[in-house]
Amino acid sequence: MYALIDCNNFYVSCERAFQPELQNRAGVVLSNNDGCAIARSQEAKDKGIKMGEPYFQMKETHKDVWVRSSNYPLYHDIMLRVTSIIRRYFPDQEIYSIDECFCDLSGYEYMDPEELALQLRAELLQCTGIPVCIGVARTKTLSKIANRIAKKKYKERGVFFLSSLEDEHEALKQTEIGDVWGIGRQHAARLINIGVDNAYKFTQLTVGWVQLYMTIVGVRMWRELNGESCIPMEYIRAKKKGIGTSRSFGKAETDLSVMLEALATYTSIAALKLRNQNSVCAKINVFTHTSMFADPKNRYSVGLDLKLEVPTSSTSELIKAAKYLLRRIFKPGYRYQKVGIFLMDIRPDDQVQQSLFDTKVESRGKLITALKAMDSINRKQGKDSVRMAATGYERKWTMKQENLSRGYTTNIRDVLVVKAK
DNA sequence: TCTGGGGTCCTAGGACCC
DNA sequence: TCTGGGGTCCTAGGACCC
């Protein structure tokens, strides 16, 4: 048996946990740059506010809806609290995303999974303020379906258990094909075309058909929905094979020097992630583009790769390479919306093939030592206490975050003070 | 004026090897 | 009339996830 624990409207719930005045009211959390809605309260969903709905439109049509800018440090910290409580109940835990985790319930055969799930849910609500729904079933994909039904039909109780084959079939029949984990728009359209509009009908297709049109990925889903577990738990977070960092500018940018500073900043973030997983990268990609909503003749979207002579995790080397690439692809006269970097060809830092023509072997060693010292200072003193000069001083490009909540659990100045009467 | 930011896996096809 | 058979690696693109 597997359990899928999924936080309800997670970002919205995080905001509400510290701002009770937001309870029971329609509200949304906005994407970076306050661009569009990425999390909605139930009340906001009921009003018809869509995922991804642009804020500038919503402002006009829904004046009574509260909004917050996204506050990722807060959400991340709350997630750590939630998962640590879950771990006390079910130690075999895979953290699947910021707001959901799978648990392997093997070994719990003689206990009542439903009862445990109800207890866990109550404790999470009390200790973190975050409401969750829990689905329990024979495979991960079925537990996703169970979770979905818990959210839709048993929200108050918050737990749904597929305990028999009949339950499973009933649940599959209730689940629209496009709502199955792993079926996106393309596959849904093709399936509906041949009359397969729910998950149950999908399980009745031949495995040959599924393999032909949906590859091995589809076959795994098909088997999971038929009760055969074949998507393994991943207890240890795998190292990233690619690391990207990009942001939209607060407003359209035309100045190369400003863009270079922003890019240096994003490169610093990506390089830190690289060092934190003890890796180096051998290839980088820099990209930039104008708004996709601009007049087509004013649109420009471009990216360029660079293979590095010697793989590295050094911020300064990566910044140098990134700036070179941006200078190559930048064309004056456009109003750029975003710039970013993607680190590729990532490998362990203890398996670096030296270059015969590398003249900087010794200085590179010293550089990495210095960077590790920088990382350590920033861990103790707060991020960006020490940073590269190339990341600039004025930072004119920064994101719009006009409705940012406080760092209630991550910044000592923002911790709530409770007064007793 | 204003529309997010990350990732994963799979397949086909081309370049290249012997 | 007629021009092999087997690999590997890399890349681009598509589909999906949150």
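Throughout, protein chains are lettered first and strands after them, A, B, ... in sequence-line order, and every chain is numbered starting at 1.
Atoms CD1 (A:I98) and C1' (C:dC17) sit 15 Å apart, rounded to a whole Å. Rounded to an integer number of Å, the gap from A:I5 CD1 to C:dC18 C1' is 17 Å. Atom CG of A:L212 and atom P of B:dT11 are 12 Å apart (whole Å). Atoms CZ (A:F249) and P (B:dG5) sit 11 Å apart, rounded to a whole Å. Separating the CD atom of A:E234 from the C1' atom of B:dG7 is a distance of 13 Å, rounded to the nearest angstrom. Rounded to whole angstrom, the span from the CG atom of A:D345 across to the C1' atom of C:dC9 amounts to 12 Å. The distance between atom CG of A:N32 and atom P of B:dC2, rounded to the nearest whole Å, is 17 Å. Straight-line distance from the CE atom of A:M344 to the C1' atom of C:dC10: 13 Å, rounded to whole Å.
When heavy atoms are screened at a 4.0 angstrom cut-off, A:D99 is found touching the sugar-phosphate backbone but no base atom. Nucleic acid contact class of A:G340 (heavy atoms, under 4.0 Å, all strands): none. Among the heavy atoms of the strands, none lies under 4.0 Å from A:L30. Nucleic acid contact class of A:K307 (heavy atoms, under 4.0 Å, all strands): none. Among the atoms of the strands shown, none is found under 4.0 Å from any heavy atom of A:V219. Using a 4.0 Å heavy-atom criterion, one finds that A:K251 contacts no nucleic acid atom at all. Nucleic acid contact for A:R220: sugar-phosphate only, since backbone atoms but no base atoms lie under 4.0 Å from a heavy atom of the residue.
Residue A:R335 places at least one side-chain N or O closer than 4.0 Å to OP1 or OP2 of B:dC2. One finds a side-chain N or O of A:K283 lying less than 4.0 angstrom from the OP1 or OP2 phosphate oxygen of C:dT11. Regarding contacts with the backbone of B:dG5, every side-chain N or O of A:S31 stays at 4.0 angstrom or more from both OP1 and OP2. For the pair A:K400 and B:dG4, the criterion of a side-chain N or O lying under 4.0 Å from OP1 or OP2 is not met. Note on A:T245: every side-chain N or O is 4.0 Å or more away from OP1 and OP2 of B:dG5. The phosphate of B:dC9 (OP1 or OP2) has a side-chain N or O of A:K241 nearer than 4.0 angstrom. When the side-chain nitrogen and oxygen atoms of A:R190 are compared with OP1 and OP2 of C:dA15, none of them lie within a distance under 4.0 Å. OP1 and OP2 of B:dC2 both lie 4.0 Å or more from every side-chain N or O belonging to A:Q337. Remark: A:R247 is in phosphate contact with B:dG6, judged by side-chain N or O atoms under 4.0 Å from OP1 or OP2.
Picking from B:dG4, C:dC18, B:dG7 the nucleotide with the shortest atom distance to the side chain of A:Y96 gives C:dC18. Counting only heavy atoms from C-beta on, A:K338 has its side chain closest to B:dG5 among B:dG5, C:dC16, C:dC18. For A:W181, counting side-chain heavy atoms from C-beta on, the closest listed nucleotide (C:dC17, B:dT3, B:dG7) is C:dC17. Between B:dG4, B:dT3, C:dC18, one nucleotide has an atom nearer to the side chain of A:Q57 than all others, and that is B:dT3. In the set B:dG5, C:dC18, C:dC16, B:dG5 carries the atom at the smallest distance from any side-chain atom of A:S246. Between B:dG4, B:dT11, C:dC18, one nucleotide has an atom nearer to the side chain of A:E100 than all others, and that is C:dC18. Among the nucleotides B:dC10, C:dC18, C:dA15, the one closest to the side chain of A:S97 is C:dC18.
Judged by distance alone, the side chain of A:S70 and the main-chain N or O of A:Y72 form no donor-acceptor pair under 3.5 Å. Between the A:T288 side chain and the A:K338 main chain, a donor and an acceptor come within less than 3.5 Å of each other. Side-chain atoms of A:R88 never come within 3.5 Å of backbone atoms of A:S84 as a donor-acceptor pair (strictly under, hydrogens ignored). A donor-acceptor pair under 3.5 Å is absent between the side-chain atoms of A:R40 and the main chain of A:V28, judged by distance alone. For A:S31 (side chain) and A:C36 (main-chain N/O), a donor-acceptor pair under 3.5 Å exists by modelled atom type.
Checked options A:M58, A:Q57, A:K63, A:H62; the residue passing with A:E60 is A:K63 (criterion: side-chain contact (heavy atoms from CB on, under 4.5 Å)).
A 3.5 Å limit on both hydrogen-bonding distances identifies C:dC10 as the Watson-Crick or G-U partner of B:dG13.
Nearest-nucleotide positions on DNA chain B for A:T215 and A:G250 put A:G250 closer to the 5' end.
Other residues, nucleotides and ligands contribute only 12 or fewer heavy atoms inside 6.0 Å of the NE2 atom of A:H76.
Taking atom P on both C:dC18 and B:dT3, the two are 25 Å apart, rounded to the nearest angstrom.
Ring stacking is absent between A:F56 and B:dT1, as the pair misses the limits of under 5.5 Å between centres and under 30 degrees between planes.
Figure legend: A:K251 and A:F249 shown without cation-pi pairing, the cationic atom not lying both under 6.0 angstrom from the six-membered ring centre and within 45 degrees of its axis.
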